[in-house]
Amino acid sequence: MPPAPPPDQRCWLLKSEPNVFGYPDLVRVGCEPWNGVRNYQARNFLREMRAGDLCLFYHSNAQRSGKGQTGVAGVARVVREAYPDNLQFDPASAYHDPKSTPDSPRWSMVDVAPAFAFPAVLPLDTLRTLPEWQDSPLTRKGTRLSVLPVTEAQFRAALAAAGVDLHASHV
DNA sequence: GCCAACGTTGGC
DNA sequence: GCCAACGTTGGC
């Protein structure tokens, strides 16, 4: 028997507006199809996700909606790998894509479930102060990807800054 | 293929 | 509400 391959778990960041769907909503529903992504680069990242991958759950635009601070609210886990986004075929949806067909769906989604919440939202301002996050698209002005890869160092730094003990979290 | 107009994102 | 910085669209 060959040795088991090393786990190639990757880390990601998912943006969501908390007034639309926040981390508490994810906890409430238990599992959520991450649909509505309509950017090719973000879609490609969705397709790279593997079951078990961990995602920082980022609350964007939180101030506007009075839903707390903008920043990372917790960690989600990928529980189902990319499959066709249901909304692209729904004419009533704002995410309907008339150019997409069931034969060759253009857009994908994954299912995510809550892993653990941060004790408090880790503010974007704090994230910006972390050396690991200096070069991230998230902290650079004008980059608006809603799905983006995060390095393991960035992931660990975020958890540390949030006061999360990685070992105690059963990640 | 170029590029101006337009729409969207998202911090502030 | 403002607006910078993108991505997309569509005329040519």
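Sequence lines set the chain letters: A, B, ... in the order given, protein chains first and strands last, and positions in each chain run from 1. Everything numeric here is computed off the predicted structure, so don't read it as measured data. The basis for the numbers below is simple: all heavy atoms, side chains too, and nothing from hydrogens, waters or symmetry mates.
- Side chain of A:Y23 to main chain of A:F116: a donor-acceptor pair is present (N/O by atom type, distance under 3.5 Å, no hydrogens or angles).
- Across the protein-nucleic acid pair, A:L148 atom CG and C:dC6 atom C1' stand 15 Å apart, rounded to whole Å.
- The CG-P distance, from A:L124 to B:dT9, rounds to 18 Å in whole Å.
- Summarising the geometry, the separation between NZ on A:K141 and C1' on C:dC2 is reported as 11 Å, rounded to the nearest angstrom.
- The listed nucleotides are B:dC12, B:dG10, C:dG7; the one nearest the side chain of A:D125 is B:dC12.
- In this entry the distance linking CH2 of A:W107 with P of C:dG7 reads 13 Å, nearest Å.
- Under the 30°/60° scheme for interplanar angles, the aromatic rings of A:F21 and A:W34 are found to stand perpendicular.
- Contact annotation for A:R140: no contact, since no heavy-atom pair falls under 4.0 Å across all strands.
- Remark: P of B:dT9 and NZ of A:K15 are 10 Å apart, rounded to the nearest angstrom.
- The distance between atom CZ of A:R144 and atom P of B:dG11, rounded to the nearest whole Å, is 12 Å.
- The nucleotide whose nearest atom lies closest to any side-chain atom of A:Y40 is, among C:dT9, C:dT8, B:dC12, C:dT8.
- The side chain of A:K99 has C:dT9 as its nearest neighbour among B:dT9, C:dT9, B:dC12.
- Look at CG on A:N19: it is 12 Å from C1' on B:dG10, rounded to the nearest Å.
- Of the two residues contacting DNA chain C, namely A:N61 and A:G142, the nearest-nucleotide position lying further toward the 5' end is that of A:N61.
- If you check every strand for non-hydrogen atoms under 4.0 Å, A:T70 touches sugar and phosphate atoms only.
- The CG atom of A:L138 sits 14 Å away from the P atom of C:dC6 (whole-angstrom rounding).
- Note that NE2 of A:H59 is 6.5 Å distant from OG of A:S16, once rounded to the nearest 0.5 Å.
- No continuous path of hydrophobic side-chain contacts links A:L46 to A:F89 [ILVMFWY only; heavy atoms under 4.5 Å].
- Exactly one of A:V37, A:D97, A:N35 qualifies for a side-chain contact (heavy atoms from CB on, under 4.5 Å) with A:L87. That residue is A:N35.
- Contact check, A:Y95 against B:dT8: no side-chain N or O comes under 4.0 Å of OP1 or OP2.
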